[in-house]
Amino acid sequence: MLEKTFQHIPGVGEKTEEDLWSQGCDSWQRYLENPGDFIVSPLHRKRLHAGVLESKCRLEEFDHEYFRRLLGTSLSWRAYNQFKDHACYLDIETTGLSPRDSHVTTVCLHSSRETKNYVLGENLNELKSDLQDYGYIVTFNGARFDLPFLRAKLAIPFPHIHLDLMQALHRLGYRGGLKYIEKQMGIRRETDGVGGLDAIHLWNAYRYGTTAEILGEKVRGKEALSLLIQYNREDTVNLVELAENTVKLLENTLKTK
DNA sequence: ACTCACTGAACTCGTTTGCA
DNA sequence: TGCAAACGAGTTCAGTGAGT
């Protein structure tokens, strides 16, 4: 999908890209082979040629910062398939909603290579350097929650291409939270019924020895942490199927245009 | 409960097109 | 070549909604 995208080239918008596609110009390669076959204004021709050549080079180098800058948030999904091997899926749990008076308690980072959990007071400080191994991040509502939280609390920069599935699914007409949309798409989870507020209770049960009542069961200590990690892990691992479905659906909306 | 990035509508401004 | 109309990209801003 990325290699048929022209909108990231400065001066080229949705209309010009649609116009190129309707003329049969459906990839960078096709444009470079026979640029004269396609009717575009002289200004667009100049920009397209330079833009397509540069895009090809940057993709060969997997220059995620280049594509992050030019694709922006609404088109980041188009780079998903090309950057899948460089992608990680991220979800965090915290003690509240605001970074001002809350902490990050656990984080899960999932990729094709490994699934790693980070826990406050244990290995949370490893997250920042581990993230440098990736060029693409997938989250659910991460643009407004996970990433700003990590920036504020752990000073983590995010030069990655970011696919926020909530925003992408919103454009497809899906409303509601992660668990609700998972159900709609037939994605199952072991920790069904556990929510974000429970994650706070589980952390307190682990850290301060209080008792948390989760799905009618009383848990505390290591058992509470173990359930919190499992919940965090499922939130993250399920993003893979959700991302695959979302990107396919977005591709279909373009085909039916 | 609190936060703020994103969306979409409305607008501006530069470019292209069509005609004489 | 010059002009006016049409088009499209970019910018601004208010409202929305889901995370723990």
Side-chain angles (χ1 to χ4, degrees), chain A residues 5-22 38-48 51 68-77 89-108 118-120 137-153 158 160-184 191 193-207 212 214 224 227-229 231-236 238-239 242 246 250 253:
Chain A
T5 295
F6 296 94
Q7 271 189 68
H8 65 295
I9 295 167
V12 179
E14 197 180 343
K15 300 281 177 190
T16 307
E17 183 183 74
E18 276 180 14
D19 185 41
L20 282 164
W21 289 350
S22 70
F38 311 107
I39 302 161
V40 288
S41 70
L43 187 76
H44 274 137
R45 191 174 299 287
K46 207 172 159 187
R47 285 173 174 173
L48 276 166
R68 179 189 66 102
R69 184 165 50 83
L70 294 180
L71 288 171
T73 48
S74 59
L75 292 176
S76 62
W77 67 272
Y89 303 78
L90 175 97
D91 184 59
I92 72 170
E93 306 303 329
T94 69
T95 56
L97 291 170
S98 170
R100 223 177 295 168
D101 45 32
S102 310
H103 302 286
V104 178
T105 56
T106 64
V107 177
C108 183
Y118 304 82
V119 179
L120 175 64
I137 289 187
V138 181
T139 65
F140 190 91
N141 198 29
R144 278 179 289 183
F145 187 74
D146 304 63
L147 270 49
F149 225 109
L150 291 173
R151 272 192 205 104
K153 305 305 283 190
F158 286 97
H160 314 72
I161 306 172
H162 179 211
L163 170 58
D164 186 335
L165 291 172
M166 195 193 78
Q167 306 292 349
L169 285 159
H170 214 258
R171 261 175 272 135
L172 287 164
Y174 284 87
R175 301 291 146 101
L178 175 64
K179 281 85 184 169
Y180 180 74
I181 294 175
E182 274 179 7
K183 276 207 171 78
Q184 282 187 298
T191 56
V194 182
L197 268 175
D198 295 321
I200 300 173
H201 298 144
L202 284 168
W203 176 256
N204 289 336
Y206 160 68
R207 191 75 179 79
I214 309 295
L227 182 56
L228 174 60
I229 286 172
Y231 166 72
N232 187 194
R233 212 178 172 91
E234 271 199 301
D235 268 2
T236 314
N238 285 359
L239 293 179
L242 203 60
T246 304
L250 285 165
T253 62

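A:Glu182 places none of its side-chain heavy atoms less than 4.5 Å from the side chain of A:Phe140. With a 4.5 Å cut-off on side-chain heavy atoms, A:Leu178 and A:Asn238 do not count as touching.
Going from atom CD of A:Glu17 over to atom P of C:dG8 covers 14 Å, rounded to whole Å. As rounded to whole Å, 13 Å separates atom P of C:dT20 from atom CG of A:Leu202. Atoms CG (A:Leu90) and P (C:dT20) sit 11 Å apart, rounded to a whole Å. Atom CD1 in A:Ile9 sits about 14 Å away from atom C1' in C:dA9, given to the nearest Å. Computed from coordinates, the A:Phe6 CZ to C:dA9 C1' distance equals 18 Å when rounded to whole Å. One atom, NE2 of A:His8, and another, C1' of C:dA9, lie 16 Å apart when rounded to the nearest Å. Rounded to a whole Å, the CG atom of A:Leu70 is 15 Å from the C1' atom of C:dG10.
Ionic pairing of A:Asp91 and A:Arg233 is not present here: no N-O contact between side-chain nitrogen and carboxylate oxygen is shorter than 4.0 angstrom.
Within the nucleic acid shown, A:Thr16 comes within 4.0 Å of sugar-phosphate atoms alone, with no base atom in reach, counting heavy atoms only. A:Phe140 comes within 4.0 angstrom of sugar-phosphate atoms only, judged by non-hydrogen atoms across all strands, and of no base. Nucleic acid contact for A:Gly176: sugar-phosphate only, since backbone atoms but no base atoms lie under 4.0 Å from a heavy atom of the residue.
Checked by atom type and distance alone, the side chain of A:Glu17 pairs as donor or acceptor with a backbone atom of A:Phe6 at under 3.5 Å.
Side-chain atoms of A:Thr106 and A:Asn232 form a donor-acceptor pair, as typed in the model, at a separation below 3.5 Å.
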Return a single string for nucleotides 1-12 of chain B, one symbol per nucleotide in 5' to 3' order, where B is base contact, S is sugar-phosphate-only contact and - is none, cutoff 4.0 angstrom on heavy atoms. BBSBBSS-----

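Both A:Gln7 and A:Ala199 lie near DNA chain C, and the one whose nearest nucleotide falls closer to the 5' end is A:Gln7.
Under the rule for a side-chain hydrogen bond (donor to acceptor under 3.5 Å, both in side chains), the partners of A:Asn141 that lie at least two apart in sequence or sit in another chain are A:Arg144.
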